[in-house]
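These notes concern the structure reproduced below.
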Amino acid sequence: MEKHLVIGASGQLGIELIIGMQTRYGIHAVVASDIRKSNDKDVNRSEFISLDATDIEAVRKTLQQGGFTHVYHLVAMLSAKGEENPIAGWDLNMKSLLNVLECAKEGLVQKVFWPSSIAVFGPNAPKIKTSQDTFCDPTTVYGVSKVAGELWAKYYFEHYGVDVRSIRYPGLIGHRSQPGGGTTDYAVEAFYRALDKKPFVCYLDKDEALPMMHMDDAVRATLDLMEAPKQEIKTRTSYNLSGCSFSPSELNEEIFKFVSDFKTEYKPDYRQKIAASWPDSIDDSEAKNDWDWKPKFTTTKLVEQMLEGLKSIV
Ligand code: AKB
């Protein structure tokens, strides 16, 4: 029987992934782990294990005792937070990944998922429909750690046969957790401000378009990639993935259709420079060809679902 361990389960993506897996595989087929337990009552229907992913002995023991077939290793310091503390960001992102890859090499798990990001791209990549194989020259420590992580993933696959699969996520938008230190997280915050009727001050320029995706699409993509037959996975660094794309002013317009007094004020800070170094939109032909990826959420649908989701929990 398959048993799935999510490491970093209390973060933005972890919470959504656990719930998606509970629906697809059952509550007892999924185990959450993190250094702190999430408050989400749905997530907490599955077992929780306290785990520091930077401690290889603790990771090894958890995998040995749990009998897990699949590990989703989501631990990361995101782009904006990473720029405030580059060495801590690098240490966390790389050490935790290498710990999991080493344990997979020892045969303690059959499949590993690890998220990469559009942050692998830098200012010299084409902005529109950026392709899978575009040169990567990231300017953030987060982006540098993602490029290095992608190459490590490929290395462990080619040298040790570790079946590690990965997606370059765009900005992920979901209602179950607060923004988590990413540059794209302005968009998540906008929805909270729209509902609590507080002024929304955006740290990006009004026209700074970025690739984005609703969490439901991201979770479906992740599980579909993990279920795809091994011979179909041709990219062993990480797959480009596209959902929708919008700028802060376009997001403002869409939210305004539902919340008539919503208004954004623009005060760009250091995060604008990060956003400006990333693509506006992504070409995900390889994911479409290799494992049949298709996004379901347009910007309009994303906004509608996000507002509905938030209203249901407030
Ligand atoms: C961030 O903004 O740092 C993340 C990402 C694009 O990986 N959401």
Side-chain angles (χ1 to χ4, degrees), residues 8 11-17 72-86 88-90 92-94 96-97 113-123 125 127 130 134 136-150 153 166-192 202-205 208-219 221-222 237-248 251 268-282 284 295 297 302 306:
Q12 275 174 306
L13 175 59
I15 290 174
E16 306 273 356
L17 197 56
Y72 302 75
H73 172 58
L74 310 181
V75 174
M77 193 182 291
L78 298 184
S79 57
K81 203 160 169 223
E83 290 314 282
E84 286 164 15
N85 202 341
W90 173 261
L92 176 69
N93 296 359
M94 296 319 300
S96 62
L97 171 63
F113 177 82
W114 172 78
S116 186
S117 160
I118 54 159
V120 293
F121 298 113
K127 293 282 173 232
T130 310
T134 299
C136 293
D137 60 343
T139 54
T140 61
V141 74
Y142 173 67
V144 174
S145 76
K146 289 299 182 189
V147 174
E150 287 190 4
S166 177
I167 284 173
R168 289 173 177 160
Y169 292 118
L172 299 181
I173 314 293
H175 68 272
R176 289 179 186 270
S177 62
Q178 297 277 342
T183 303
T184 58
D185 281 336
Y186 86 85
V188 179
E189 196 195 335
F191 290 98
Y192 279 92
C202 179
Y203 52 73
L204 299 187
D205 278 341
E208 187 56 65
L210 286 170
M212 298 283 186
M213 180 173 284
H214 190 275
M215 279 289 187
D216 288 0
D217 265 353
V219 167
T222 308
T237 46
S238 189
Y239 278 99
N240 272 11
L241 203 70
S242 173
C244 51
S245 178
F246 53 78
S247 65
L251 179 63
D269 66 15
Y270 72 99
R271 289 166 284 193
Q272 168 53 33
K273 198 165 164 205
I274 301 177
S277 75
W278 291 350
D280 295 2
S281 61
I282 294 288
D284 58 1
F297 282 77
L302 176 150
M306 189 60 189

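In listed order, ligands and their atoms are each counted from 1.
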With under 30° as parallel and over 60° as perpendicular, where do the rings of Phe113 and Tyr72 fit, or are they tilted in between?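 Phe113 vs Tyr72 ring planes: tilted.
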Measuring from each atom of ligand 1, which residues have a heavy atom under 4.0 Å away?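 Contacts of ligand 1 under 4.0 Å: Leu78, Ser79, Ser117, Ile118, Tyr142, Gly182, Thr183, Thr184, Trp278.
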For a 4.5 angstrom cut-off between non-hydrogen side-chain atoms, does Ile282 reach Leu241?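 Heavy-atom side-chain distance check fails, nothing below 4.5 Å.
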Any pair with a residue in residues 72-85 that passes salt bridge (charged side-chain N to carboxylate O under 4.0 Å, His left out), sequence neighbours left out, goes on the list, sorted by first then second residue, please.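 Found none.
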Who pairs with Thr134 by side chain to side chain donor-acceptor pair (under 3.5 Å), at least two apart in sequence or on another chain?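 So Thr134 forms a side chain to side chain donor-acceptor pair (under 3.5 Å) with Ser131.
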What residues form a side chain to side chain contact (heavy atoms under 4.5 Å, CB included) with Asp137, not counting sequence neighbours?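 Asp137 satisfies side chain to side chain contact (heavy atoms under 4.5 Å, CB included) with Pro123, Asn124, Phe135 once adjacent residues are dropped.
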For a quick check under 3.5 Å, do Tyr169 and Thr222 share a side-chain donor-acceptor pair by atom type?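 Yes.
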